[in-house]
Amino acid sequence: MSHVHIIGGGLAGLSAAVELAAQAKVTIYEAGPACGGRARSFHDKTLDALIDNGNHLILSANGLTFRYLDILGARHTLSGPGIPIFPYYDLQDDLAWTLRLSKGKIPFWALPGGRRVPGMKLSELSSLGRFLKANDNTVVEDCLKPGQFSRRLLEPFAISVLNTDLHTGSALLLGNVIRKSLAQGGMACCPWFPEIGLSETLVDPALAYLRRYHGEIRTGVRVSAIEREKGRVTAIESTEGRIELGPEDHVIVAVPGPVAQSLLPEIIAPDAFESIANAHFKLSTPVKARGVVAQARFVGLVGGISEWIFLKGDVLSVTVSAANRYADRDSNEMLATIWSEIRRALDPVLPHPLPVAMPPARLLREKRATFAATPEQNRRRPTAKTDTANLALAGDWTNTGLPSTIEGAIQSGLAAVSALGFRSAIKHTES
Ligand SMILES: Cc1cc2nc3c(=O)[nH]c(=O)nc-3n(C[C@H](O)[C@H](O)[C@H](O)COP(=O)(O)OP(=O)(O)OC[C@H]3O[C@@H](n4cnc5c(N)ncnc54)[C@H](O)[C@@H]3O)c2cc1C
């Protein structure tokens, strides 16, 4: 039986391992103390609460993510309203509204009435067409028609999806996401997020599944070198010693791009990154909202620094994307600003106002949360297939056609499996 050695236990590595479990012996080498990489939850001692390293929103359009969860029997661990509704609050104009997308492809939601973005004109929908036609040099701001549809929906959507500013973000990558989501109708845009935490939804069920197939998961093992001879990997060097490979063995390198480059100097990978900041606030009692916010359990924000507030029992978590622009801002000052934005957006839908004094809080900044999704960086993404016969690449930074996302990471794992000649849900098609 073939033995596939997977270096990196993030979602790309886990996706590959799950796909291979019934076809080969699988071993994952993960440098950290636990698998999950950039999508993990942990118990935070300061807040004494389980928190995600960063809030992750998954759209129903993410078909490969849902397939992965179905294989693991873990779809039920996601939570969401089940319909395409997005409550928003505009901090600049003090205005709350709810975007209610039509379920089908025809955008009835954009017609005048209570379902669309306030102040938008129907003609602004043409921005979507521009994204669908974008080429590899187009940036997001080139496609945006000025107006409230852009300001209140497309701009924040672009920044969340690409984690890159509008002046440099790739319109092609955003267009690929729009093609799979908004262009397919509202039911492709239902928002989901883990009910308990990222690890409980995306990681722990995968590890349990792999153990059922006798897969080996070796955490705390950092791979430091990959030895090759005559176009094949022959050994892996790790903190636990040297691992010799047999003639039937394969390797999937599923580590972040810069680590992959240090192991395989010939590959080209993205070399510019964007950060994401997440603020977590621990309340003394669970926060119970009314109406549509209770249904969605999140609110999108426009016109401030906060982008999404997630209501998770007694924890309120806020996402700030493309956060390189806030790198010099003091963390306590940022937390105070975010707390005031939360109060403005949530107080109107709560039975009692939130405390004026900021509760215990943490600001987590993931400096290299994603590669900068610019046209230039997008051109630096390699395919899964390499010139080394028994070696493939995986990771959200490989050439998936998607920005750095859970769906992209899962797709990349499947592409690596396919590139090595194993059965996979996707054929090896990238060029
Ligand atoms: C704060 C934040 C918010 C995000 N929000 C969203 C969102 O809302 N929606 C969405 O779809 N995506 C989101 N993302 C992106 C998503 O988390 C990533 O695209 C995805 O998790 C990447 O998975 P990966 O396996 O490619 O990489 P990683 O998760 O980086 O996995 C790589 C693994 O390799 C391990 N490793 C590194 N070096 C070695 C070595 N030498 N030997 C062995 N192991 C090694 C690492 O420890 C890590 O576990 C967000 C990311 C962040 C950081």
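Counting convention: from 1, in listed order, for ligands and their atoms alike. Starting from 1, each residue takes its place in the sequence as its number.
Atom CG of Asp387 has 12 or fewer heavy atoms from other residues, nucleotides or ligands within 6.0 Å. No more than 12 heavy atoms of other residues, nucleotides or ligands sit less than 6.0 Å from atom CD of Glu376.
For the residue pair Glu200 / Thr77, no side-chain donor-acceptor distance below 3.5 Å is found, with atom types taken as modelled. One side chain, Gln377 or Asp271, offers a donor N or O that lies under 3.5 Å from an acceptor on the other.
Of the options Gly37, Gly8, Ala254, the smallest heavy-atom separation from atom 32 (C) of ligand 1 is shown by Ala254. Relative to atom 19 (O) of ligand 1, the option among Thr400, Thr398, Asn62, Asp396 with the closest non-hydrogen atom is Asp396.
For atom 9 (N) of ligand 1, the closest non-hydrogen atom of the protein is Leu57 O, 3.3 Å. Among all non-hydrogen protein atoms, the one lying nearest atom 21 (O) of ligand 1 is Ala39 CB, 3.7 Å. Among all non-hydrogen protein atoms, the one lying nearest atom 27 (O) of ligand 1 is Arg38 NH2, 2.9 Å. At the top of the distance list for atom 25 (O) of ligand 1, counting protein heavy atoms only, stands Ala12 N, 2.9 Å. The protein heavy atom nearest to atom 16 (C) of ligand 1 is His56 NE2, 3.6 Å. Nearest protein heavy-atom contact of atom 44 (N) of ligand 1 is Ala31 N, 3.1 Å. Among protein heavy atoms, the minimum distance from atom 48 (C) of ligand 1 is reached at Glu30 OE1, 3.5 Å.
Contacts between Ile276 and ligand 1 below 4.0 angstrom, taking non-hydrogen atoms only, involve the side chain exclusively. Proximity of Val259 to ligand 1, defined as any heavy-atom pair under 4.0 Å, is confined to the side chain (atoms from C-beta onward). The proximity of Leu263 to ligand 1, defined as any non-hydrogen pair under 4.0 Å, does not occur for either the backbone or the side chain. Residue Asn278 touches ligand 1 through its side chain alone, judged by heavy-atom distances below 4.0 Å.
Not one N or O of Ala369 is nearer than 3.5 Å to an N or O of ligand 1, by distance alone. The shortest N/O to N/O separation between Ile406 and ligand 1 falls below 3.5 Å. Polar contact with ligand 1: present for Val223 (N/O pair, distance under 3.5 Å). Residue-to-ligand polar distances keep Pro256 apart from ligand 1: every N/O pair is separated by 3.5 Å or more. Checked by distance only, ligand 1 and Thr405 come closer than 3.5 Å through their nitrogen or oxygen atoms. Looking at Gly54 next to ligand 1, no N or O pair under 3.5 Å apart turns up. Inclusion of Glu366 in the set of residues having an N or O under 3.5 Å from an N or O of ligand 1 is not warranted.
The structure places CG of Leu78 at 5.5 Å from CG of Leu69, a figure rounded to the nearest 0.5 Å.
When each of Asn399, Asn137, Thr374 is paired with Arg379, the side chain to side chain donor-acceptor pair (under 3.5 Å) condition holds for Asn137 and for no other.
A salt bridge does not link Asp44 with Lys282: every distance from a Lys NZ or Arg NE/NH1/NH2 to an Asp or Glu carboxylate oxygen is 4.0 Å or more.
No close placement of the Trp397 and Phe371 rings is indicated, their centers lying 6.0 Å or farther apart.
By the 4.0 Å heavy-atom criterion, Ser404 is counted among the residues contacting ligand 1.
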